[in-house]
Every structure is written in C-alpha cells, then in structure tokens.
Amino acid sequence: LNFPCLGTIPATKVVGKDVACPMIYHENGKYGFGDAMRVMAMYLEKEMVKQNKKVLLVSSASAGEGKTTISANLAVSLAQKGKKLVLVDCDLRNPSIADVFHIENKDGLADYLEDRLTIKEAMRKTENENLFMIVGSQSHENEAADLLSSEKLGKLIKGNKCLDST
C-alpha cells in the first residue's frame, strides 16, 4: 500500500482501576509511551499537512488492538500543540472514549445521527480548550452500520471547517 510508518508505540500496561487506557498526561516517564505518542502525532501532522488532509480514521480488525488508546492520545497530543480538533467516537456498539476522559457516555454521536440532539448539544468541551469530543453513545433505533453510513455523518465530518482536524 506504500504507507509510511509513522512510529512505534511501546506496549504498556494500564495501572489503576480508574484508568481506561494509558494516557500521555498520566505517564510517569518509565515507558517512553508519551514520547512515542508525541513523535507519532508530529509525523502524522506533517503527513496530513503535506497531503492537505483534515480527517483521520483510527481503525483495526479486532477489539483490544489499541484504537481508543491511539486516537485519544493523538488527540490530546495535537491539542496540546495548539491544534483545534474534535475526537469522534464512532464505535456505536462499544463506545469507549467517554471512559477514557471520565465522562458519561450519553448524548453523543448516535443521538445526533438519530436527530435527538443538535451537533452543539452532542459536542463536549474538555480540559484542553483545543480538544472537543463527541462520545459514541448507543443507538436506540438503528443498526450502527446504518448510522455510520448515513449522509448526516458525512456532512458532520466535512462540515468542521473551523477545526484543524477531525
């Protein structure tokens, strides 16, 4: 596929029952995890600018491969560098971004896509003024695949022109 390697993230363990995944701002400096995430974010940002891209999808074939860890840490790292962005949890079957940031997983993407919320109601502020998020929430009426293939999601992703990344 001719994709560049953006970095290698060392394996790390979650310490503490209140921590959903390792985060760069929880790091105690022993593992190099935070440095690896920041380097990956730097290379990713460079490639996205070079290719004029503003949307990044983090995906994998199976559960437990680090999608949440990578996406949450990339978002935090880019926001700390001053990039304004929205982290959108599109996993409507098992949303987990809310757990990482210790917020309730309700009033999110599924609610917006099912016309129960406006985008302003679904978007949450975080501790970092540059990072906003839309939690996954769970669909009450539709299959996740139907919602994720909707025209409304495409418009949401394309419509965030005021942001540096989605």
* For the pair Arg124 and Phe132, evaluate side chain to side chain contact (heavy atoms under 4.5 Å, CB included) and give the outcome as yes or no after the intermediate values. => CA-CA 6 Å; Arg124 312 258 181 100; Phe132 300 86; over 6 Å; no
* Asked: With Ser60, which residues qualify under side chain to side chain donor-acceptor pair (under 3.5 Å), at least two apart?
  -> Glu65, Lys67
* Asked: Taking only residues two or more places apart in sequence or in another chain, which ones pass side chain to side chain contact (heavy atoms under 4.5 Å, CB included) with Thr118?
  -> Lys120, Glu121
* Which atoms form the tightest heavy-atom contact between Asn130 and Lys83, and what is the distance? -> CB-O, 3.2 Å
* Contacts of Glu151 that satisfy salt bridge (Lys or Arg N to Asp or Glu O under 4.0 Å) - sequence neighbours left out -> Lys155
* To do: Apply side chain to side chain donor-acceptor pair (under 3.5 Å) to Ser137 and list each qualifying residue two or more places apart in sequence or on a separate chain.
  => Asp111
* Asked: What residues, two or more places apart in sequence or in another chain, satisfy salt bridge (Lys or Arg N to Asp or Glu O under 4.0 Å) together with Lys50?
  -> Glu47
* Please step through side chain to side chain contact (heavy atoms under 4.5 Å, CB included) for the pair Ile103 and Met133, ending with a clear verdict. => CA-CA 11 Å; Ile103 60 174; Met133 76 175 61; 3.5 Å; yes
* Which residues share a salt bridge (Lys or Arg N to Asp or Glu O under 4.0 Å) with Lys106, sequence neighbours left out -> none
* Asked: Going by heavy atoms in the side chains, are Asn128 and Val76 under 4.5 Å from each other?
  -> no
* Asked: Among all residues two or more places apart in sequence or in another chain, which pass the salt bridge (Lys or Arg N to Asp or Glu O under 4.0 Å) test with Lys81?
  -> Glu45
* Asked: What pairs with Lys152 under side chain to side chain donor-acceptor pair (under 3.5 Å), at least two apart in sequence or on another chain?
  -> Asp115
* Asked: What residues, two or more places apart in sequence or in another chain, satisfy side chain to side chain contact (heavy atoms under 4.5 Å, CB included) together with Asn94?
  -> Asp91
* **Single hit among Val86, Leu113, Ile119 for side-chain contact (heavy atoms from CB on, under 4.5 Å) with Leu156** => Ile119
* Could you check if a side-chain atom of Thr68 sits within less than 4.5 angstrom of a side-chain atom of Asp89, using non-hydrogen atoms only? => no
